[in-house]
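I have placed the structure first, in the form of structure tokens, so that the comments after it can refer back to it.
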Amino acid sequence: DCGTAGALDAVLAAEGVERIAGPHCYSFFDGNAAFEALHAENIGTFYLTDFMIRHFESFIWKGLWLDRHPELRDSYFGNYSRVVYQIQTEIPGFREKARAIAARLGLDYEERITGYGDLAAFMAQAAEATPAG
């Protein structure tokens with residue numbers, strides 16, 4: 001539920017659609033239990049996924065006007081201490097891009113090979129539950 005503050009659940013319930021458990025994709029990509037432990041270990045973590053690496057420049061750097069006002073970096077990211085790249089698939093050059101993002105933000109870098117975490121099992125279960133048509 002990225003950005004609806006829980007409103008998505010009401011719509012899904014009304015439509016009879018099940019949502020994967022977890023507060024956001026960072027949690028279910030890592031696995032909800034593993035993410036909870038990772039987050040508790042260091043609440044000051046900025047997470048990257050394959051999608052976020054692809055769109056970092058437009059969503060974060062330009063979207064937050066850091067391209068025009070780099071002095072805002074510390075205001076936005078001053079309470080973060082690390083970047084964790086959750087690697088779903090091995091995409092050539094993405095580890096380097098993730099490291100460069102961490103350096104650009106002035107944060108330590110870590111990576112975790114997560115695959116699709118809880119999402120893979122959820123999708124397989126949903127596929128099995130769907131009647132053939």
Side-chain angles (χ1 to χ4, degrees):
D1 183 9
C2 231
T4 73
L8 178 62
D9 288 332
V11 172
L12 294 176
E15 296 296 324
V17 176
E18 182 182 0
R19 179 173 74 83
I20 186 171
H24 42 67
C25 65
Y26 306 122
S27 184
F28 65 69
F29 281 148
D30 210 2
N32 288 318
F35 178 82
E36 196 172 308
L38 180 68
H39 188 65
E41 167 194 314
N42 185 343
I43 196 168
T45 301
F46 183 76
Y47 297 93
L48 291 173
T49 60
D50 296 345
F51 176 86
M52 284 301 295
I53 289 176
R54 242 183 225 104
H55 301 286
F56 180 83
E57 197 66 30
S58 60
F59 284 5
I60 304 299
W61 203 254
K62 290 179 180 174
L64 295 176
W65 290 21
L66 291 164
D67 59 328
R68 289 175 271 174
H69 298 283
E71 70 277 8
L72 291 173
R73 184 195 73 175
D74 292 342
S75 294
Y76 291 136
F77 296 97
N79 290 319
Y80 289 94
S81 59
R82 69 177 176 181
V83 165
V84 171
Y85 173 28
Q86 297 175 312
I87 302 169
Q88 286 88 59
T89 58
E90 290 289 343
I91 301 172
F94 270 36
R95 288 175 189 242
E96 293 77 15
K97 287 180 180 184
R99 284 187 196 97
I101 288 169
R104 200 172 189 186
L105 297 177
L107 304 173
D108 293 338
Y109 174 77
E110 293 179 31
E111 57 188 43
R112 296 168 64 93
I113 298 173
T114 62
Y116 291 98
D118 291 346
L119 178 62
F122 179 82
M123 295 300 291
Q125 182 181 5
E128 289 176 14
T130 302

- Query: Within a reach of under 6.0 Å around CD of Glu96, are more than 12 heavy atoms found that belong to other residues, nucleotides or ligands?
  - Reply: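 Above 12, so yes.
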- Under the ring pair (Phe, Tyr, Trp, His ring centres under 6.0 Å) test, which residues partner Phe122, sequence neighbours left out?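 Applying ring pair (Phe, Tyr, Trp, His ring centres under 6.0 Å) to Phe122 gives none.
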- Item | Inter- and intrachain pairs under salt bridge (charged side-chain N to carboxylate O under 4.0 Å, His left out), touching residues 42-53, at least two apart |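 Sorted pair list comes back empty.
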- Message: If the condition is side chain to side chain donor-acceptor pair (under 3.5 Å), which residues does Glu57 pass it with, not counting sequence neighbours?
- Response: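 Once residues adjacent in sequence are excluded, the partners of Glu57 under the side chain to side chain donor-acceptor pair (under 3.5 Å) criterion are Arg104.
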- Classify the angle between the aromatic ring planes of Phe59 and Phe51 as parallel (below 30°), tilted (30 to 60°) or perpendicular (above 60°).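 Judged by the thresholds at 30° and 60°, the geometry between Phe59 and Phe51 is tilted.
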Establish whether [X] and [Y] are linked, either directly or via other cluster members, by ILVMFWY side-chain heavy-atom contacts under 4.5 Å.
X	Y	result
Leu119	Tyr85	no
Val83	Ile113	yes
Phe29	Ile53	no

- Message: As an exercise, state the distance from CZ of Phe46 to CG of Leu105, rounded to the nearest 0.5 Å.
- Response: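 Here the interatomic distance stands at 6.5 Å.
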- Can you list every side-chain hydrogen bond (donor to acceptor under 3.5 Å, both in side chains) pair that touches residues 25-43, not counting sequence neighbours?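 Qualifying pairs: Ser27-Asn32, Asp30-Arg112, Asn32-Asp118, Glu41-Arg82, Asn42-Ser81.
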- Which pairs with one or both residues in residues 58-70 pass side-chain hydrogen bond (donor to acceptor under 3.5 Å, both in side chains), sequence neighbours excluded?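 Sorted result for residues 58-70: His69-Glu71.
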- Query: In chain order, what residues pass the side-chain contact (heavy atoms from CB on, under 4.5 Å) check against Tyr76, with sequence neighbours excluded?
  - Reply: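 With sequence neighbours excluded, Tyr76 shows a side-chain contact (heavy atoms from CB on, under 4.5 Å) to Leu64, Leu66, Leu72, given in chain and number order.
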- Do Arg54 and Phe94 come close enough that some side-chain heavy atom pair is under 4.5 Å?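 Yes, at least one pair of side-chain atoms sits under 4.5 Å.
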- Task: Of all the heavy-atom pairs spanning Phe77 and Ile60, show the shortest one and how long it is.
- Result: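 Shortest heavy-atom contact: CZ-CG2, 3.9 Å.
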- So, the side chain of Gln88 versus the backbone of Gln86: is there a donor-acceptor pair under 3.5 Å, distance only?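 Looks like yes, one N/O pair under 3.5 Å.
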- Item | Worked verdict on Tyr47 versus Phe35 for ring-ring contact (aromatic ring centres under 6.0 Å, His included) | CA-CA 11 Å; Tyr47 297 93; Phe35 178 82; 5.0 Å; yes
